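Please read these numbers as outputs of a predicted model, since none were measured by experiment.
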Amino acid sequence: MQPRIERNNARACDMPASSQPFVLPARVYYEDTDAGGVVYYANYLKFCERARTEWLRTLGVSQQALLEEQGLGFVVRSLEADYLASARLDDALEVVTRVAMLRRASILFEQQVMRGQERIFTVRVLLASVDLRRQKPVAIPASLHALLESTA
């Protein structure tokens with residue numbers, strides 16, 4: 001399963017056609033589930049975290065390099081999640097990610113976990129750009145901001 005960036009295709013996830021959602025396929029493994037074979041609620045957030053990381057990777061951005069070279073990291077400031085249906089063991093899912101808003105020192109993502117055409121989870125995640133050495137908010141570097149802006 002390969003990630004992809006969808007261009008001008010709103011699909012069943014109610015995203016504007018002008019956005020470029022990134023889609024990461026995901027499979028539900030035994031380790032993702034509770035005793036009943038249902039995905040444990042916190043694991044949806046893990047799926048979404050992986051999708052944001054893979055999206056950055058497809059843009060050529062290494063979070064490890066940002067950390068090592070600039071002491072910069074993105075931390076979750078807030079999130080709003082809605083659990084709509086349960087995913088189960090072996091389900092094939094897609095995590096659809098798009099930038100909803102880009103500011104000087106933060107990024108708001110809208111993400112949805114889809115099972116086929118069924119939306120089963122949605123989340124809005126606000127990430128803050130932080131100087132991890134000083135533990136203080138910091139502006140996203142201009143070159144990175146421009147790259148992110150070109151995809152929003």
Just distance, no hydrogens or angles: give the donor-acceptor pairs under 3.5 Å from side chains in residues 44-53, sequence neighbours left out.
{"from": "Y44", "atom 1": "OH", "to": "A87", "atom 2": "N", "distance (Å)": "2.9"}
{"from": "E49", "atom 1": "OE1", "to": "R52", "atom 2": "NH2", "distance (Å)": "2.5"}
{"from": "R52", "atom 1": "NH1", "to": "Q111", "atom 2": "OE1", "distance (Å)": "2.7"}
{"from": "T53", "atom 1": "OG1", "to": "E49", "atom 2": "O", "distance (Å)": "3.1"}
{"from": "T53", "atom 1": "OG1", "to": "Q63", "atom 2": "NE2", "distance (Å)": "3.1"}

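- Under the 4.5 Å side-chain heavy-atom criterion for grouping Ile, Leu, Val, Met, Phe, Trp and Tyr, V138 is connected to L147 within one hydrophobic cluster.
- Pairs engaging residues 69-93 under the salt bridge (Lys or Arg N to Asp or Glu O under 4.0 Å) rule: D91-R115 [sequence neighbours left out].
- Under the side-chain hydrogen bond (donor to acceptor under 3.5 Å, both in side chains) criterion, E68 pairs with Q64, sequence neighbours left out.
- Taking the ring-ring contact (aromatic ring centres under 6.0 Å, His included) definition, one finds that F109 meets it with W55, sequence neighbours left out.
- Looking at residues two or more places apart in sequence or on another chain, you find a side-chain contact (heavy atoms from CB on, under 4.5 Å) between S86 and V38.
- Here A139 pairs with R104 under the side-chain contact (heavy atoms from CB on, under 4.5 Å) rule; sequence neighbours left out.
- Residue Y30 shares its hydrophobic cluster (ILVMFWY side chains chained together at separations under 4.5 Å) with L89.
- In this structure Y41 satisfies the side-chain contact (heavy atoms from CB on, under 4.5 Å) test together with Y83, sequence neighbours excluded.
- Annotation: salt bridge (Lys or Arg N to Asp or Glu O under 4.0 Å) contacts of R103 (sequence neighbours excluded): none.
- Here the shortest heavy-atom pairing between F74 and L66 reads CE1-CD1, 4.1 Å.
- For the salt bridge (Lys or Arg N to Asp or Glu O under 4.0 Å) test, no residue two or more places apart in sequence or in another chain qualifies with R133.
- When the side-chain contact (heavy atoms from CB on, under 4.5 Å) test is applied to V75, the partners found at least two apart in sequence or on another chain are A128, V130, L132.
- When all heavy atoms of V39 and N43 are compared, the pair lying nearest together is CG1-CB, 3.9 Å.
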